[in-house]
Amino acid sequence: MRGNVLAIAVQLSGLVLAPLLPGVIQTIKARLQGRVGASPLQPYRDLRRLWGKRSVAPHDSTYVYRLAPSLSAAALACAVLVAPIGASTIGWLGSDMLVLIGLLALARFSTAAAAWDPGGGFSLMGAGRDLMFSVFAEPLLLLAFVLVAIGSHSTDLVQMVAAAGDLHVATLPAHWCAALAFGLVVLVETGRQPIDNPDTHLELTMVHEGPLLEYAGRDLAMLQWTAAARHWLMLVLAVNFFVPMPATVPWNLLTLALGVAGLCALVALVETSLAKMRILRVPVLLGAGVATCMIGLASWIAQGAL
Amino acid sequence: MTAPAWLLIIGAVVTCGGIVVSAVPQSMRTGLAMQALGVALIGAAGGMVVVGDGSVGSQFSNGFGPTVGVDPLSGFFVASIALVSTPALIYARGYLSESHHASAIAVTTGAFVLALVGVVIARDAVTFLIMWELMSVAPAVAILLVSRSAETCRAVLIYLGSTHLAGVGVWLSMLTLAHLGVFTDPHSLAAQPMVVQSLLAGAALVGFGTKAGLMPLHSWLPRAHPAAPSQVSAVMSGMMIKVALYGLVRMLFEWLAPLPAWVAPVLLGVAALSCVAGVLYALMQHELKRLLAFHSVENVGIISLGLAAALLAASAGQRQLAALAFAAAMLHTLNHALFKSLLFLCAGSFQTQVGKLDLDRLGGLLRTMPLTGASFLAGSMAIAGVPPFNGFASEWLTLQALVQLALHGNPTGTALGALGAAALAATAALAVFCFVKVVGLVLLGPHRQKAVASSHEVPPSMTGPVVVLAALCLAIGVAPGVVLGQMGHLSPFGALPASAVGITLAVPGSGVFAPVALAAFVVLCAAVLQLARRRAGTTAPSPMWICGQVPDSRLAWTSAGFTKSLLLVLTVVLRPRRTVSVELDGVLVHSVVHESEVPHLFDELLFRPVLSRVLAASRMLRRTQSGSLRAYLTYLLVTLVVVLVVVRVGVG
């Protein structure tokens, strides 16, 4: 274990608190659209309802289909426990940034492979699009990570977060480019507008929801929790990296909570003000993110040379 | 003599005996078993040298007498060859039982494996080159034994042609080094002018790079590898291209070091191109073995990224980082050998049951061939770089090396490291995409033809080797540090720090990567969730949701359909061709013919123009060969006059 016990308790409670984030975003979004909307606790109610039902498996499906929800939930649980909270982490599962990329890939592989098992067109359409996005999002995430790691000269997440608390880092152009790129990755990974519409009920427009189409009951509950855990992971990392935080414990936890709430509001605002993009335009947007990272990199090299 | 030397000799004798025995059709299976045993003994000798760091046999010599010897680097490659070839040879006992020319193929396979070992343990230029040529010819023989269709003959011609054209680079660099005496005294090259060093490095890069399948010199690879019998494909993709990398490593890190400054950036660029374009073309293939062959190009690219990072770090004086990058490249060499041979052997098993390996005509093989299918799934996850398999461990190390180069290097190192890391991240995402497609089309979903539905599991002699290879992939994925710890003597830059070779991995400047804890947590968590899932009651069967229509296998998703979105995004790069012809019968549509293909642009834009120029030039030259006696007499006269003039005037 590294760091403060209270922060580690928050990290563990992320497994439980994660569904709160999509709930909060939905509530804020509803308010912004002039509706009352559901309570932020709605995801928990959905999970409870789904947990009470038994699972459904299409004919001829194999263990790949049945294992996928547990495997992707396990991968995301692992990722939540790897991502530190304010420079503290449980530490048993490692603390390297590249491990996160691997765990996200594991979750993606298992859900996308499971989409092939029933072989339904809608699931495969969604899975194919999700994988296509990932081809551009993964290098973007890596480059953003590298730019963040400049502050600490280390890929250790705890050190990266600790160094990001330093105000000097916030003056680096590279850090700002990383923030822009990371923002795009947050939208892709969490499946939010303008990349994907989480509220869609039209199979043809689904991306992240597509591979979930055949699932029901506890399987679906696990997959919905996985999606919520992705929100937790990405938003917590974003605040950790890009909001300068005080080093002492109760205060940085407070900053973290405020930051995550702020980002939820920001995501809701983006969702309300932007329509979903055409799917083939998304790689262009992500490519712009990669270009931003290159600019950040160039600025850093120039700074070193001067 | 020491124990490894005895093991090596006994192993070689047993393998040769096995080759002789397998030449008799009745005792082919016994012969293959003997070959496998012999190769395993040779591999054990290699492994002992790696672990013990006691070199065996002679050192490199500049002479022409045949000498052999094993040092840790050779030992590592010998052990890797054995890890791939032993399962492949055991597999061949079942695989070849119903094949034509079975015993001839068995003999060729054995000779091929011995030639690979020979290249790696050769200690003089002549032995090296003889073994190199034998290694190149043996697969061609095996391919022609299987099929002599026009297409196969063409593939073999292109394979032999490019191998021999590139062989010039290998011959040139090896013989020049022997002439200059570099094998015994690495400093003797420093006395040569820079041009000679650059030319030698260029010859080595082209020669060994072609054989390794680095882009843009890879054109033979996706043609030759799929045509060979599966156990030969497995050894070709698993080890032959690695033996070429062995040559490259010797050249770049021992004999030609310190290299001209241009080599490392060029190698990094070529490697990044190989991995991204290799996997991109793999993704667009619709035939399983061809797809796997393109993935070999990708993985050679990943290994070369590690090698280039090591060169860059070494030239900047960062020896510890160079050691890390080198270790990453070596670990990925071993890992790719394991999972690629696993995948090729599984593909061979599918082929015996189904016939052709057209991806759109398979489906549901996990249900009819559970063991082979599960091994194939494990191999797919390994090659896709998904934890907790071995592909992720070595990709983590390679990425780590590139990122550390970016964070701690000079401006060149920063730019190249970050670009290499981004290329590798894109490659990893594309590999996940590709193997989700392969797993889906081959193992899952409905059976897409009758032959698939009537397929059944292959005999234990064919499932055993693939299960063992799958277990090895998982084992190295869970404990990569243990393997890395044994590989400390390979690197010219010294051993890795102790923190990188334990149960958890951490290199200077990285966080902790705890593969055991990760694997245990994911498995445990998934198991608990599975139990919870069962407690909710039995799973209800249901039809698939397709808006209430009746499922029809003709509406099933195809390989091209799944990757269509990416193809549309990358149209500018990939330039797909698509023709739709509609045949009308009056006003009624009689038939619609749709054809689409993704052309291999390296062939179309690079090799075909070069080839047509060369052919045109040789046609021009042919005009001088008119066959008329008078013309030849004129040539003689002209030559005589020129010689006389030269003698009279004098040269120089």
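In what follows, chains are A, B, ... by sequence order, proteins preceding strands, each numbered from 1. Values reported hereafter were calculated over all heavy atoms of this structure, with side chains retained and with hydrogens, waters and symmetry mates removed.
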Worked verdict on L377(B) versus V64(A) for side-chain contact (heavy atoms from CB on, under 4.5 Å): CA-CA 10 Å; L377(B) 182 62; V64(A) 173; 4.0 Å; yes

Verdict with supporting geometry, L131(A) and F562(B), side-chain contact (heavy atoms from CB on, under 4.5 Å): CA-CA 10 Å; L131(A) 290 170; F562(B) 192 59; 3.8 Å; yes

Step-by-step side-chain contact (heavy atoms from CB on, under 4.5 Å) determination, L106(A) to F392(B): CA-CA 10 Å; L106(A) 174 62; F392(B) 178 71; over 6 Å; no

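The side chain to side chain contact (heavy atoms under 4.5 Å, CB included) test with M132(A) is passed by exactly one of T563(B), V569(B), L570(B): V569(B). Of the residues listed (T414(B), T412(B), N410(B)), the one engaging I301(A) in a side chain to side chain contact (heavy atoms under 4.5 Å, CB included) is T414(B), and it is the only one.
Most heavy-atom pairs under 4.5 Å with chain B: of the set V146(A), D130(A), L157(A), L124(A), this distinction falls to L124(A). Annotation: maximal heavy-atom pairing with chain B below 4.5 Å, among Q159(A), R66(A), M97(A), occurs at R66(A). When the candidates C525(B), A526(B), A428(B), A384(B) are compared by the number of heavy-atom contacts under 4.5 Å with chain A, A526(B) comes out ahead. Ranking L142(A), L71(A), L140(A), I150(A) against chain B, the residue ahead of the rest is L142(A), based on heavy-atom pairs under 4.5 Å. Considering only heavy-atom pairs separated by less than 4.5 Å from chain B, the leading option among A105(A), A137(A), A75(A), A77(A) is A77(A).
Interface residues of residues 284-297 of chain A toward chain B, defined by a heavy-atom distance below 4.5 Å and sorted by number: M294(A), L297(A).
Both the backbone and the side chain of P118(A) come within contact range of chain B, judged by heavy atoms closer than 4.5 Å. For a residue to count as touching a neighbouring chain, one of its non-hydrogen atoms must lie under 4.5 Å from one of that chain's; by this rule F136(A) touches chain B with the side chain only. Of the atoms belonging to F133(A), not a single heavy atom falls under 4.5 Å from chain B. Within the 4.5 angstrom heavy-atom criterion, only side-chain atoms of L81(A), from C-beta onward, approach chain B. Proximity to chain A (any heavy atom under 4.5 Å) is shown, for R534(B), by neither the backbone nor the side chain. If you measure heavy-atom distances from A127(A) to chain B, the contacts under 4.5 Å come from both the backbone and the side chain. For A415(B), the parts sitting under 4.5 Å from any heavy atom of chain A are the backbone and the side chain alike. With a threshold of 4.5 angstrom between heavy atoms, Q400(B) approaches chain A through its backbone and through its side chain. Contact of E214(A) with chain B is made through the side chain alone, with heavy-atom distances under 4.5 Å. Looking at S134(A), both its backbone and its side chain come within 4.5 Å of chain B, counting heavy atoms on both sides.
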Taking only distance into account, with no hydrogens and no angle test, what donor-acceptor pairs under 3.5 Å do side-chain atoms of residues 506-522 of chain B form with protein atoms, sequence neighbours excluded?
{"unit_1": "S510(B)", "atom_1": "OG", "unit_2": "V507(B)", "atom_2": "N", "d": "3.1"}
{"unit_1": "S510(B)", "atom_1": "OG", "unit_2": "V507(B)", "atom_2": "O", "d": "3.2"}

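With contacts defined as side-chain heavy-atom distances shorter than 4.5 Å, the pair W396(B)/D96(A) qualifies. Side-chain contact check for E138(A) versus V432(B): every heavy-atom pair is 4.5 Å or farther apart. Side-chain contact check for L444(B) versus Y65(A): every heavy-atom pair is 4.5 Å or farther apart.
Closest of all the heavy-atom pairs between Q530(B) and S70(A) is NE2-OG, 2.6 Å. In plain terms, the two heavy atoms of V56(A) and T539(B) that are nearest each other are C-CG2, 3.7 Å. Closest approach of F109(A) and V439(B) over heavy atoms only: CZ-CG2, 4.3 Å. The heavy-atom pair separating L407(B) from S154(A) by the smallest distance is CD1-N, 4.0 Å. Across every non-hydrogen atom of A532(B) and W51(A), the tightest pair is CB-CZ2, 3.8 Å. Closest approach of L529(B) to A73(A), counting heavy atoms only: CD1-CB, 3.7 Å.
With no hydrogens or angles considered, a side-chain donor-acceptor pair links T538(B) and R54(A) at under 3.5 Å.
Residues meeting the salt bridge (Lys or Arg N to Asp or Glu O under 4.0 Å) test with R533(B), sequence neighbours left out: D219(A). Evaluation of the salt bridge (Lys or Arg N to Asp or Glu O under 4.0 Å) rule for R218(A) yields no partner, not counting sequence neighbours.
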